[in-house]
Amino acid sequence: MFSNSSISPPSTLTQETPLISPIETCESMHQLKQIHSQTIKLGLLTNPTVQNKLVTFCCSEKGDMKYACKVFRKIPRPSVFLWNTMIKGYSRIDSHKNGVLMYLDMLKSDVRPDNYTFPFLLKGFTRDIAVEFGKELHCHVVKFGFDSSVFVQNALISTYCLCGEVDMARGIFDVSCKDDVVTWNVIFSGYKRVKQFDETRKLFGEMERKGVLPTSVTIVLVLSACAKLKDLDVGKRAHRYIKECKIVPTLILENALTDMYAACGEMGFALEIFGNIKNKDVISWTAIVTGYINRGQVDMAPQYFDQMPERDYVLWTAMIDGYLRVNRFREALTLFREMQTSNIRPDEFTIVSILTACANLGALELGEWVKTYIDKNKVKNDIFVGNALIDMYCKCGDVEKAQRVFWEMLRKDKFTWTAMIVGLAINGHGDKALDMFSQMLRASIIPDEVTYVGVLSACTHTGMVDEGRKYFADMTIQHGIEPNEAHYGCMVDLLGRAGHLNEALEVIKNMPMKPNSIVWGALLGACRVHRDAEMAEMAAKQILELDPDNEAVYVLLCNIYAACNRWDNFRELRQMILDRGIKKTPGCSMIEMNGVVHEFVAGDKSHPQTKEIYLKLDEMTSDLKFVGYMPDISEVFLDVGEEDKERAVYQHSEKLAMAFGLISSGPGVTIRIVKNLRMCVDCHRMAKLVSMVYDREVIVRDKTRFHHFKHGSCSCKDYW
DNA sequence: CTAGGGTTAG
């Protein structure tokens, strides 16, 4: 027997439409399909409530958009509610294209959107879709008159933020009523995306004055901004709201608090909060690790890093970056190898850190490996990666590859251009660097103070005095950049190297700020090239007043005395150095071979191939003597008798590296060496001869520039 | 609408 109610047709008298409550309690698509067929059998499909409930379920988390579409297409004239539900469904599954298509279909069917339509549609946008449709949809919003709906405003603000158009977002924010805390949260999150943390801080103050009460989302965003700005005061104020507004402390909030205190250097507070977190996750640990790193206490970080059982790629990268910050590049690479052994995949952030390490070590082979890794493993090749690649290639002396990366980049920012300009300049291609600079201006990229350091050093490295003066003036006139000490240093360098020592001194005297040791150091360097002992003494005195422990100055002055044959001064100064116990920074050269960075100091005997290296060095010396090599000991410093002087120069670290390079690589392979100090005259001479006699390109990156040795001459034109 | 790591000089 059939029960009456289940077979009787829908009656207008029925209080409740049948099958509604089964849909509401439905658990799966399987159940829903059964209910759907029942509605067809019962002819209930024309009932709007049934339609709404069916489509809503299919669009929900347990649903299936394909099925939703089937049901939806059978409905003759869907209501705006149904269209919205479909749009919302597509947003949920990140099918933004379909969302937009739905919206367009809806307009074609002459259904007007309501104030739910836009938030649902915009919510599903990715950056690309937002760029493509954002502005147009904003026009629709205005046309249909929803521009004063707070939900629509919030959605639009967040869409503009997604496109990176914060100013448009801010425009909408400024005319909104600002009563809704979500509006504030959305704009804060937008400023976070573009890293304008200062705006968040300013607006937070405004929000407080307006008396809008923050939610936990607000506090998290404000704390994150304070962490980046290292603003402890505002951070503490945000912390107070948690108690005052009775905001429940979630893990996210506790992590944000820990990070804020750690970033501000308040490790005591940070550890207290950290200690009270019940279910610490990797983000909590990262906050502590980066806290120590920020304070320069890298060696405190491993305590926590090693304790954390589940280290993810962010934590690894943070730790690797910690070593980079204190110039411990080799340790950074060691950690990277450990990371790979642990089977943690590096992402684009890690890659940037590794490229930075390669750049500083001159490790081209590893850098090339990273480039291949990026291409093969589909690491997101974003603008940071591109910029780091350019920097790596330039600092490894391979300008061509750097340029290739540069031109392949789809987007270029001021960092991209600056890295290329600086890279060309230090590699001795001043003219190309300046050409790049004019292309940069034509591309409407605004240079900053670093760009101008690159431009001025391009002029310096190539001796273009008049151009340098012009750019120095342009910097302020055209771009409103006030020159800093580095720029004055470049000018002193430029004039000094060209032999205009007095003019260089005038520049220093007329500086609006107190000349620092960089500026005086530039003058001292010029005195060395032009052998002006008097001015050198004066410059050295200035530096030592500012920085009494600057051992490089003593060494340079010694070299200058030697170059000017002022042996009395030389001995006097050397005695003073010995009396005061001033230690010369040991010269150190690095060379990469098969992905391993080998390091040499003068007279080094620690290398496993020491014997072969010294044999090769003997062989080199006698080979080169045939073409006129005579040891030049004028720049030797730490030595006693003449014979020892010769020994000392003979065993300079870059010579050992060169010998090692010659025996460990095949004929014709370029030898690349990185030195921590300025290259000495003797090593420079020897490298030129090596490049000729053995027909090898030798590239030495010293403290300030590159020396590309080829066929017996050097790109620096013996001017360094 | 919510937390952590990355690029240019001296």
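Naming: A, B, ... by sequence-line order, numbering from 1 per chain. These numbers were taken from a predicted model, which means no experiment stands behind them.
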Taking any heavy-atom pair under 4.0 Å as a contact, classify [X]: base, sugar-phosphate, or nothing.
X: A/R325; value: sugar-phosphate
X: A/T250; value: nothing
X: A/D281; value: base
X: A/K412; value: nothing

Item to complete: Rounded off to whole Å, could you give me the CG-to-C1' distance for the A/L251 and B/dA3 pair?
Response: 8 Å

Practice prompt. Mind calculating the distance between OH (A/Y191) and P (B/dT2) to the nearest angstrom?
Written response: 16 Å

Worksheet item: Can a donor-acceptor pair under 3.5 Å be found between the side-chain atoms of A/D382 and the base atoms of B/dG6?
Response: yes

Item to complete: From the options B/dG5, B/dA3, B/dG6, select the nucleotide whose nearest atom is closest to the side chain of A/V314.
Response: B/dG5

Practice prompt. From the options B/dA3, B/dG5, B/dT2, select the nucleotide whose nearest atom is closest to the side chain of A/T317.
Written response: B/dG5

Worksheet item: Yes or no on side chain to side chain contact (heavy atoms under 4.5 Å, CB included) for A/W184 and A/L203, after CA distance, side-chain angles and deciding distance?
Response: CA-CA 8 Å; A/W184 296 85; A/L203 284 179; 4.2 Å; yes

Worksheet item: Under 6.0 Å between ring centres, would you say that holds for A/F173 and A/F188?
Response: no

Table of protein N/O atoms under 3.5 Å from nucleotides 8-10 of chain B N/O atoms:
from  : atom 1 : to     : atom 2 : distance (Å)
B/dA9 : OP1    : A/K395 : NZ     : 3.2

Worksheet entry | Candidate pair A/F120 and A/F151, rule ring pair (Phe, Tyr, Trp, His ring centres under 6.0 Å), full reasoning | CA-CA 10 Å; A/F120 289 165; A/F151 294 107; 9.7 Å; no

